[in-house]
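One structure is given below, encoded as structure tokens.
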Protein chains: 2
Amino acid sequence: MIEAMCDSKMSKEAIQAQLRESQLKVTVPRLRVLAVLNSSKKSHYSAEDVYRILLKMHQDVGLATIYRVLAKFEQAGLVLRHHFEGEYALFELAYKEHHDHMICLDSHKIIEFKNDSIEEAQKQIAKQYGFELVDHRLVLYVRKIKQ
Amino acid sequence: MIEAMCDSKMSKEAIQAQLRESQLKVTVPRLRVLAVLNSSKKSHYSAEDVYRILLKMHQDVGLATIYRVLAKFEQAGLVLRHHFEGEYALFELAYKEHHDHMICLDSHKIIEFKNDSIEEAQKQIAKQYGFELVDHRLVLYVRKIKQ
DNA sequence: CTAATTGCAAAAGCTTTGCAGCGCA
DNA sequence: TGCGCTGCAAAGCTTTTGCAATTAG
């Protein structure tokens with residue numbers, strides 16, 4: 001079967017390897033979902049996004065399956081789940097370097113950024129309160145500066 | 001009519017004033033919702049929380065109304081909406097000093113904290129990218145340190 | 001071969017909306 | 001009095017679940 005690679009940055013073999021490393025069974029739906037997430041079009045997808053993209057490629061996967069696959073991926077640490085706008089979840093591959101997000105309130109564009117001093121400060125704050133930092137979410141809501 | 005003050009930190013008059021200042025009509029449901037939000041029990045409530053608390057006090061307000069009231073309050077800047085866990089929204093009064101949140105993954109307790117250097121760094125980052133910071137959400141997911 | 005995975009449809013949250021009646025300013 | 005607010009029930013969305021059939025290892 002010929003699978004359109006969805007403009008993926010990764011070979012099909014590499015994607016299969018991602019699954020095996022995570023101790024996940026290699027199935028057609030999982031490969032298809034990973035191919036979409038790996039595609040270079042954008043990096044944040046809702047379950048519905050993935051569903052529609054696969055529909056358009058005539059590589060349909062049931063929406064319920066997509067939710068189950070994404071949940072498995074998240075559990076395996078392959079994928080991160082975000083709730084930027086609150087109504088629905090967005091997923092992105094986790095293998096990238098850690099980063100936070102900036103969302104433009106005008107264009108709804110998502111920009112990724114990283115700042116070490118903020119990362120470090122977070123750890124310190126958790127420690128101050130007697131906790132260890134497990135994870136965090138930082139989202140900046142911004143607007144283009146008008147001149 | 002005698003309104004149980006729901007252990008509020010604010011007098012009924014002060015709560016009415018909050019509404020008038022925001023140019024909102026003073027109605028019974030709005031006063032009741034504000035009384036709950038102002039109560040000292042906790043500071044983050046879901047719409048359902050507010051609904052059930054008012055039920056228990058025999059000061060029922062329709063759930064739909066609570067959602068509409070909270071939306072109005074948010075719009076007026078009286079209330080902040082959070083999506084800590086993603087599934088549902090939590091609301092808190094906005095008049096308090098700005099702060100971020102730390103959530104214990106074991107106890108689900110919500111701890112508020114403030115850190116000026118992080119606040120400042122955020123502004124700088126937005127600026128670097130040609131944006132102005134409008135708002136932000138920082139949530140730390142933590143666990144008690146085990147000895 | 002066995003346990004895990006899939007697809008479909010149905011159900012389950014949370015939240016919003018339509019509409020008729022009520023209430024604040 | 002007039003516009004906005006409320007309640008109820010119904011609808012909307014995203015996400016989850018039950019179940020029988022299919023598939024990976």
Side-chain angles (χ1 to χ4, degrees), chain A residues 1 3 12 15-36 44-55 58-76 78-91, chain B residues 1 3 12-13 15-36 44-55 58-76 78-79 81-91:
Chain A
M1 180 202 331
E3 294 269 339
K12 183 170 178 179
I15 290 178
Q16 291 198 9
Q18 278 190 313
L19 285 176
R20 293 225 181 71
E21 277 163 30
S22 307
Q23 319 258 348
L24 295 174
K25 277 191 180 178
V26 176
T27 68
V28 172
R30 286 176 183 176
L31 289 174
R32 288 178 175 173
V33 171
L34 265 187
V36 172
H44 301 84
Y45 298 85
S46 69
E48 188 80 27
D49 287 341
V50 175
Y51 177 72
R52 276 206 282 260
I53 289 170
L54 289 174
L55 256 192
H58 303 289
Q59 304 191 346
D60 315 21
V61 172
L63 187 53
T65 300
I66 291 178
Y67 276 104
R68 277 188 283 227
V69 164
L70 288 171
K72 266 264 171 207
F73 286 0
E74 185 191 17
Q75 200 183 311
L78 238 63
V79 146
L80 295 177
R81 184 190 299 252
H82 297 285
H83 290 276
F84 297 139
E85 319 273 345
E87 316 95 34
Y88 52 87
L90 290 183
F91 298 85
Chain B
M1 178 202 333
E3 293 270 338
K12 183 170 177 178
E13 290 67 38
I15 291 177
Q16 291 198 8
Q18 278 190 313
L19 285 175
R20 293 225 181 72
E21 278 163 31
S22 306
Q23 317 259 348
L24 295 173
K25 276 191 182 177
V26 176
T27 68
V28 170
R30 286 177 183 175
L31 289 174
R32 288 177 174 172
V33 172
L34 266 188
V36 171
H44 301 83
Y45 298 84
S46 69
E48 189 80 28
D49 287 340
V50 175
Y51 177 72
R52 278 206 280 261
I53 289 170
L54 288 175
L55 256 193
H58 303 290
Q59 305 192 345
D60 315 22
V61 172
L63 187 53
T65 299
I66 290 177
Y67 275 104
R68 277 188 282 226
V69 164
L70 288 171
K72 266 265 168 204
F73 286 179
E74 185 189 18
Q75 201 182 309
L78 238 63
V79 146
R81 184 190 300 252
H82 297 284
H83 290 275
F84 297 138
E85 317 273 346
E87 317 96 33
Y88 53 89
L90 291 184
F91 298 86

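Note that the structure is predicted; figures quoted are calculated from it, not measured. Chain letters run A, B, ... following the sequence lines, proteins first, then strands; residues in each count from 1.
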Whole-Å gap separating [atom2] ([N]) and [atom1] ([X]):
| X | N | atom1 | atom2 | result |
| --- | --- | --- | --- | --- |
| A:Gln16 | D:dA24 | CD | P | 11 Å |
| B:Tyr88 | C:dT16 | OH | P | 16 Å |
| B:Gln75 | D:dG4 | CD | C1' | 13 Å |
| A:Leu63 | C:dC8 | CG | C1' | 11 Å |
| B:Leu24 | D:dC5 | CG | P | 8 Å |
| B:Asp60 | D:dG7 | CG | P | 9 Å |
| B:Asp49 | C:dG13 | CG | P | 16 Å |
| B:Tyr51 | D:dT6 | OH | P | 15 Å |

Closest to the [X] side chain: [options]?
| X | options | value |
| --- | --- | --- |
| B:Arg30 | C:dT6, D:dC5, C:dC8 | D:dC5 |
| A:Thr65 | D:dT15, D:dG7, C:dT6 | C:dT6 |
| A:Lys25 | C:dT6, C:dA9, D:dG25 | D:dG25 |
| B:Lys72 | C:dT6, D:dC5, D:dT14 | D:dC5 |

- request: Determine whether any donor atom in the side chain of B:Arg68 lies under 3.5 Å from an acceptor atom in the base of D:dG4, or the reverse, and answer yes or no.
  value: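 In this structure, the two groups form no donor-acceptor pair.
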Measure the [atom1]-[atom2] distance between [X] and [Y] for me, rounded to the nearest 0.5 Å.
| X | Y | atom1 | atom2 | result |
| --- | --- | --- | --- | --- |
| B:Tyr67 | B:Phe91 | OH | CZ | 7.0 Å |
| A:Ile66 | A:Arg30 | CD1 | CZ | 13.0 Å |
| B:Leu54 | B:Asp60 | CG | CG | 8.0 Å |
| A:Arg68 | A:Leu63 | CZ | CG | 10.5 Å |

message: Just N and O in the side chain of A:Thr27: are any of them under 4.0 Å from OP1 or OP2 of C:dT6?
response: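 For A:Thr27, the contact criterion (side-chain N or O under 4.0 Å from OP1 or OP2 of C:dT6) is met.
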message: Whether A:Tyr67 contacts D:dT16 is assessed here as follows: a side-chain N or O lying under 4.0 Å from the phosphate OP1 or OP2. Is that the case?
response: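 No.
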task: Please tell me which of A:Ala64 and A:Glu48 maps to the more 5' nucleotide of DNA chain D, matching each residue to the nucleotide holding its nearest heavy atom.
output: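 With A:Ala64 and A:Glu48 compared, the 5'-side residue is A:Glu48.
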- request: Find which nucleotide of DNA chain C each of B:Arg20 and B:His83 is nearest to by heavy atoms, and output the residue with the more 5' nucleotide.
  value: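 Its nearest nucleotide lies further toward 5', so the answer is B:His83.
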task: Scan B:Ala89 against the nucleic acid and name what it touches under 4.0 Å (heavy atoms): base, sugar-phosphate only, or nothing.
output: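 Answer is sugar-phosphate: B:Ala89 comes under 4.0 Å of backbone atoms only.
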- request: Give a yes or no on this: more than 12 heavy atoms of other residues, nucleotides or ligands lie within 6.0 Å of atom CZ of A:Phe84.
  value: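 Yes - once you tally the heavy atoms of other residues, nucleotides and ligands closer than 6.0 Å, there are more than 12.
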